[in-house]
Colleague: 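Take a look at the following structure, please.
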Amino acid sequence: MKSRLRENLRAYGFLAPALLLLGVFVVYPIVGTIIISLETQSGLGLGNYLEVLSEKSPSKALVIPGNLGGPPPWGALVHNMVWILVHVPLTTFLGLMLAYMLIHVYGRSLVKSIVFLSMIIPMVVGGLIIRFIFDSQVGVIPRIFDTLGVESLARTWTAYPETSLASLILGSVWLWLGFSLTIHSAAVDSVPRSLIEAARIDGASEWQIFRRVIAPAVWPATLTVMVMTLLWDLKIFDIVYAATQGGPGGSSTVLAYVMWLYFARALDYGRAAATAVILTILTLAAASYMIRRSLRG
Amino acid sequence: MPRPRLRPAVVVSNLLAWSVAAVWLLPFIGLFMTSTRPFEEVVIRGWWSPWGNYTIRNYIEVLANPQYDLAGGFRNSLIVAIPSTLAPLLVAAMAAYAFARFSFVMRNLLFVLILVVMAIPQQTMVIPLFFLLKDLGLLDKLLGVILIHSSWGIAWIAFFMRNYFTMLPSEVEEAARVDGASYPTIFLRIVLPMSIPALAAAAAIQFTWVWADFFFALIFLYSPENMVITQKVVAIKGQYQIDWGLLSAGSILAMIPPILLYAALQKYYLRGMVGWATGKG
Amino acid sequence: MASVRLEGVVKRFGRATAVNRVTLEVGDGEFFVLLGPSGCGKTTTLRLIAGLEYPDEGRILMDGEDVTYKEPKERNVAMVFQNYALYPNMTVYDNIAFPLNVRRKEIGLTREEIREKVLEVARMLQIEELLDRKPGQLSGGQQQRVALARALVRRPRVWLMDEPLSNLDALLRVAMRAELKRLQKELGITTVYVTHDQAEAMGLADRIAVMNRGKVVQVGTPREVFHEPSHIFVATFLGSPPMNILECTIEPRGGGGVVKCPGIERPLQWSPGGVERIYLGVRPEFIRVERSPGPGRWEATVEVVEPLGTEAVVTLTIGGAIVKAKVLDEGYRPGETVYLELDWSRVQAFDPETGRAIGELARTLRGLAG
């Protein structure tokens, strides 16, 4: 029908510049990467993936089964998973608790702004700051352990395989808590104050109010925070590059960093692409929840 | 009458929240103190000791010394970040308007595409882009990076603006249609002015992200005179010995623009962050 | 100025049919009101005329020209919205000038001429001192005037109004109603006006189209739709309180017949073929309540009295049915026994199956009056 055609033309008129840019600079490269990842000397195949997955050198390996019992390196994929397992619950819970506590806090918007500050600085600077606070010469944390007499933690954390990954993960809590707090805080603010007051009049303790009233009410926000934090942990690159360069001895590599090593250091585009696709599959699996929710909304 | 008793929950909440705030602020203070002191003093006394000499030598050194050239990086970052904020804002708002107001073929498919692009890591794009920019003669050129940032930003801004537009009352636009306005006129003169809060939020976040970008710059810009600030700051670090005085001064310079923007547009900033994550403007 | 014609217009939203085969003719300079309960399709009909929606079937003509699929801007119509839909980022002046500014080149107006026109309507609507303000700084009544000014400034072919007075408080609403009527008559602009408020419709309209469930049930002057409802829906939608509907039968008796209603019986000179069920409609205004019995009066009991000042609405039970009467307030008490007298010259008859008015039967019933 005439009016339908007209509406389509109009819509695509508005969409045209976006589709052009997305097509050339986003969709085409994504498809290209998939194709490159499948190209081997003997035609299309999964060779690159097998090579990437079975890579042995600590700086590029995705999994190092022999090391899993001891200290890192465990392989980039394992590092990402450990990162997620520690960082997601810690950041989510801390942000939620803090958001609830802020109801009572004087100067709450200042507290929020301070915690959010680490979200707005460039992530490479965040990585440098992690390097800074864990540095034996100038950093606070080694000094504290020095005073406590804990020798093994009184040195530059990023320089030793036992501590480098841990310092990055702890630092990422510092970097990312602002996100969890902001999203949770917006959700807590939209819980009607009367609900909290009713629970208080009914004799609920603060913990019970948190557990029974606030946490269920903000659950959608909590889910959002968990998924977005997980995605961030999967894609992490800048702070690793700035703080440890994946070292020492591959003890703090991550998938995105390995991809960069293949691409920029080894100039092995097939394996770089295969690593990128593995990373993408993990990301989309995690994001599918958000995508489905957005389509329903 | 007795004063109302302070409830323990209130006391504990204040103590804990402010402790967190103090711990979170501490690295910034450390960085600032280190950047304003001669490095030898920092090493000997620690940056937390307020006694000793203060200096801006570190700042002058990283800005002016051609070896570090943060002034150049700063300039390049601005040249990249400003168009990479404004261009996708307009292009994505147009697309978002189509999603919010028109029905068209492949609407759901294209919307899924936008959501997928939002989730995809940058690593998935750079290899073909590297060769594409090379063919276009845009490798190691700021324009190349601008094009990539602009395209990359379209997805999330379109998602964010679509959600905002769907919440706007459609009567105002209908009134304009009856009054004889064309769709481009309605979009430019009615819809965009009504969307300034959302546009400001999107602009604040997009600028911050482009400013903060390191990965694209690392891949596509390699001549020292074309590097952006994030590359320049990391380059101060050196291979073995770290001069924390210089590095902290550089770090502080690199975070000034986003922090200023945040201070000026705090409300929009937080709104944009919530909107990006949850889709609610 | 123009005439508007809708021919068999159908509009569906998914499975629901919002407008179902509507055919209407609005004359040049006429004040035409679409009246009906919410969801009856009146607003959709208006939006179809505006060009904000396109029909699935049928045609829309203006001055004989087919505009069915034309864009709103090609129709030269103006519309006033329920929530006014002023442009929040523009001043009052720019709001009013907007319809002229966007087609300045087409109509060939200079900025100065636009200014004159804006000032002229602003004067007409007494909003000259508001021209520099933004809509957010105006009261509801002022916003209303700006919306009217914006719709007036370019002398459209047709004025379309979607419940424009419903967001105003009661006093202002009545005042604006009178002003609207005056403006429309002075300027002679063809107007299609949507409302669910029957008092507004009665007061404003030259003709009313009563709509229900997507269909036009009746078109007529306010007098016609009030006194000669073509359907039981119109009878019970209009009037306050609405028309009483009594379930009655007509039966043969002797040489003639009789109409039997709850508690009321009335002989007929005409003989029906058999027993027929009918709905008898009587407006509360046409029922008299007496305190003494007499011929043609029927016993009833007062249940509720709602005083309205000089008048009162008395709810009565008669033969198990409930009837409302609007009478002078004579201090009736609940429980009191009274005697009703119907004004048979004003009764209506409806088919219980279709709800349609049965004109002939009504005339027969009335013919016996006196």
Side-chain angles (χ1 to χ4, degrees), chain A residues 7-8 10-12 14-15 17-18 21-22 25-26 28-30 32-33 36 98 101-102 104-106 111 114-115 117-118 120-125 128-129 132-133 137-138 140 174 182-183 186 206 224 228 231 235 237-238 242 256 259 263 269 272-273 276 279-280 283-284 287 291 294 297, chain B residues 9-10 13-14 16-18 20-21 24-25 27-28 30-31 34 42-43 47 91-92 94-95 97-98 102-105 115 117 119-121 123-125 127-129 147-148 150-152 154 158 183 208 211-212 214-215 230 233-234 244 247 251 254-255 258-259 262 270 273-274 277-279:
Chain A
E7 183 155 355
N8 268 295
R10 189 181 294 138
Y12 276 94
F14 273 91
L15 287 165
L21 283 172
L22 280 174
F25 292 103
V26 180
Y28 156 72
I30 291 171
T33 298
I36 293 170
L98 199 56
M101 287 194 301
L102 280 181
H104 308 296
V105 167
Y106 302 101
V111 173
I114 290 171
V115 175
L117 209 52
S118 46
I120 54 181
I121 61 171
M123 281 297 162
V124 276
V125 172
L128 295 175
I129 292 178
F132 176 77
I133 48 181
Q137 266 190 319
V138 291
V140 180
W174 175 77
T182 303
I183 304 297
E206 289 299 320
T224 303
M228 299 301 262
L231 287 174
K235 299 181 199 173
F237 175 84
D238 296 7
M259 183 272 162
F263 174 75
Y269 303 127
L279 178 58
T280 308
T283 314
L284 287 182
I291 292 175
S294 298
Chain B
V10 175
S13 295
N14 273 279
L16 280 176
W18 277 104
V20 169
W24 252 250
L25 198 56
F28 289 103
L31 212 58
T34 308
V42 173
V43 172
W47 54 258
V91 172
M94 284 170 62
Y97 190 66
F102 304 139
S103 67
F104 50 89
V105 289
L115 294 171
V117 169
I120 287 225
Q123 281 76 13
T124 317
M125 300 158 46
I127 303 169
L129 275 179
L147 281 170
I148 289 167
S150 300
S151 312
W152 184 247
I154 286 170
Y183 277 92
T208 308
W211 182 271
F214 179 65
F215 188 71
T230 44
V233 171
V234 173
W244 279 110
L247 192 52
S251 296
M255 56 186 162
I259 286 180
Y262 175 62
L270 295 176
M273 186 56 69
V274 175
T278 64

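We name chains A, B, ... by the order of the sequence lines, and we start the count at 1 in each one.
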Colleague: Please classify the contact between A:Thr280 and chain B as side chain, backbone, both or neither, with a heavy-atom cut-off of under 4.5 Å.
Modeller: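 The answer is both parts of A:Thr280.
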Colleague: How about B:Leu16 and A:Met101: do any of their side-chain heavy atoms sit closer than 4.5 Å?
Modeller: yes
Colleague: Below 4.5 Å, heavy atoms only, C-beta onward: do B:Thr124 and A:Leu279 meet side chain to side chain?
Modeller: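 No. Closest side-chain heavy atoms not under 4.5 Å.
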Colleague: What part of A:Ile36 lies closer than 4.5 angstrom to a heavy atom of chain B: side chain, backbone, both or neither?
Modeller: side chain
Colleague: Hey, which of B:Ala92, B:Ala98, B:Pro27 has the most heavy atom pairs under 4.5 Å with chain A?
Modeller: B:Pro27
Colleague: Taking B:Phe104's backbone N and O only, do any of them form a donor-acceptor pair with A:Tyr12's side chain (distance below 3.5 Å, no angle check)?
Modeller: no
Colleague: What part of A:Ala273 gets within 4.5 angstrom of chain B, counting heavy atoms only: side chain, backbone, both, or neither?
Modeller: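 Both backbone and side chain.
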Colleague: Identify the two heavy atoms, one from B:Phe102 and one from A:Ala11, that lie closest to each other, and give their separation to 0.1 Å.
Modeller: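 B:Phe102 and A:Ala11 have their closest heavy atoms at CD1-CA, 3.6 Å.
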Colleague: Any side-chain heavy atom of A:Phe25 within less than 4.5 Å of one from B:Trp152?
Modeller: no
Colleague: A:Ile291 versus chain B, heavy atoms under 4.5 Å apart: side chain, backbone, both or neither?
Modeller: both
Colleague: At a heavy-atom separation under 4.5 Å, does A:Phe263 approach chain B through its side chain, its backbone, both, or neither?
Modeller: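 Contact with chain B is through the side chain of A:Phe263 alone.
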Colleague: Ring centres of B:Trp244 and A:Phe132 under 6.0 Å apart?
Modeller: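 Close enough - the centres of the two rings lie under 6.0 Å apart.
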Colleague: Please check: side-chain N/O of A:Lys235 versus main-chain N/O of B:Gln123, any donor-acceptor pairing under 3.5 Å?
Modeller: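 Answer holds: no.
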Colleague: Which region of A:Ile129, side chain (C-beta onward) or backbone (N, CA, C, O), has a non-hydrogen atom less than 4.5 Å from a non-hydrogen atom of chain B, or is it both or neither?
Modeller: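 It is the side chain, since no backbone atom gets that close.
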Colleague: Would you say the side chain of A:Met259 lies within less than 4.5 Å of the side chain of B:Ile127, judging by non-hydrogen atoms?
Modeller: yes
Colleague: With respect to chain A, which residue among B:Pro258, B:Pro128, B:Ala21, B:Ala212 yields the maximal number of heavy-atom pairs within a distance under 4.5 Å?
Modeller: B:Pro128
Colleague: Quick one: of A:Val111, A:Leu98, A:Leu102, who has the most non-hydrogen atom pairs under 4.5 Å with chain B?
Modeller: A:Val111
Colleague: For each of B:Val117, B:Leu247, B:Leu147, B:Val233, tally heavy-atom pairs with chain A at distances under 4.5 Å, and name the one with the top tally.
Modeller: B:Leu147
Colleague: Over all heavy atoms of both residues, which pair between B:Phe28 and A:Trp174 is shortest? Give the atoms and the distance, please.
Modeller: CE1-CZ2, 3.5 Å
Colleague: Using a 4.5 Å cut-off on heavy atoms from C-beta on, say whether the side chain of B:Met94 contacts that of A:Leu15.
Modeller: no
Colleague: Considering all heavy atoms of both residues, which atom of A:Ile30 and which atom of B:Met125 are nearest to each other, and what is their separation?
Modeller: CG1-CG, 3.9 Å
Colleague: Find the one option among B:Trp18, B:Trp24, B:Tyr262 whose heavy-atom pairs under 4.5 Å with chain A are most numerous.
Modeller: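 Most heavy-atom pairs under 4.5 Å with chain A: B:Trp24.
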Colleague: Does a side-chain heavy-atom distance below 4.5 Å link A:Tyr28 with B:Leu129?
Modeller: no
Colleague: Looking at chain A, which one of B:Ile259, B:Val105, B:Ile148 has the largest number of heavy-atom pairs inside 4.5 Å, strictly under?
Modeller: B:Val105
Colleague: Show the nearest heavy-atom pair for residues A:Ile120 and B:Thr208, with the distance to one decimal.
Modeller: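 Heavy atoms of A:Ile120 and B:Thr208 come nearest at O-CG2, 3.4 Å.
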Colleague: Roughly how far apart are A:Leu117 CG and B:Leu25 CG, rounded to 0.5 Å?
Modeller: 7.0 Å
Colleague: Hey, which of B:Ser251, B:Ala119, B:Pro121 has the most heavy atom pairs under 4.5 Å with chain A?
Modeller: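 Highest number of pairs under 4.5 Å: B:Pro121.
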Colleague: Is there side-chain contact between B:Phe214 and A:Pro122, with heavy atoms separated by less than 4.5 Å?
Modeller: no
Colleague: Go through the atoms of A:Leu284 and report whether side chain, backbone, both or neither lie under 4.5 Å from a heavy atom of chain B.
Modeller: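 Just its side chain gets close to chain B.
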Colleague: For A:Val125 and B:Ala254, work out which heavy atoms get closest and say how close.
Modeller: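 Taking every non-hydrogen atom into account, CG2-CB, 3.9 Å.
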Colleague: Kindly give the heavy-atom pair with the smallest separation between B:Ser151 and A:Leu22, and that separation in Å.
Modeller: O-CD2, 3.5 Å
Colleague: Quick one: does B:Val274's side chain get under 4.5 Å of A:Ile183's, heavy atoms only?
Modeller: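 When only atoms from C-beta onward are counted, A:Ile183 and B:Val274 do touch, with a gap below 4.5 Å.
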Colleague: For B:Phe215 and A:Phe237, take the angle between the two ring planes, folded into 0 to 90°, and tell me which bin it lands in: parallel under 30, tilted 30 to 60, perpendicular over 60.
Modeller: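 Rings of B:Phe215 and A:Phe237: perpendicular, over 60°.
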Colleague: Could you tell me whether a side-chain N or O of B:Trp47 sits under 3.5 Å from a main-chain N or O of A:Val138, the two making a donor and an acceptor?
Modeller: yes
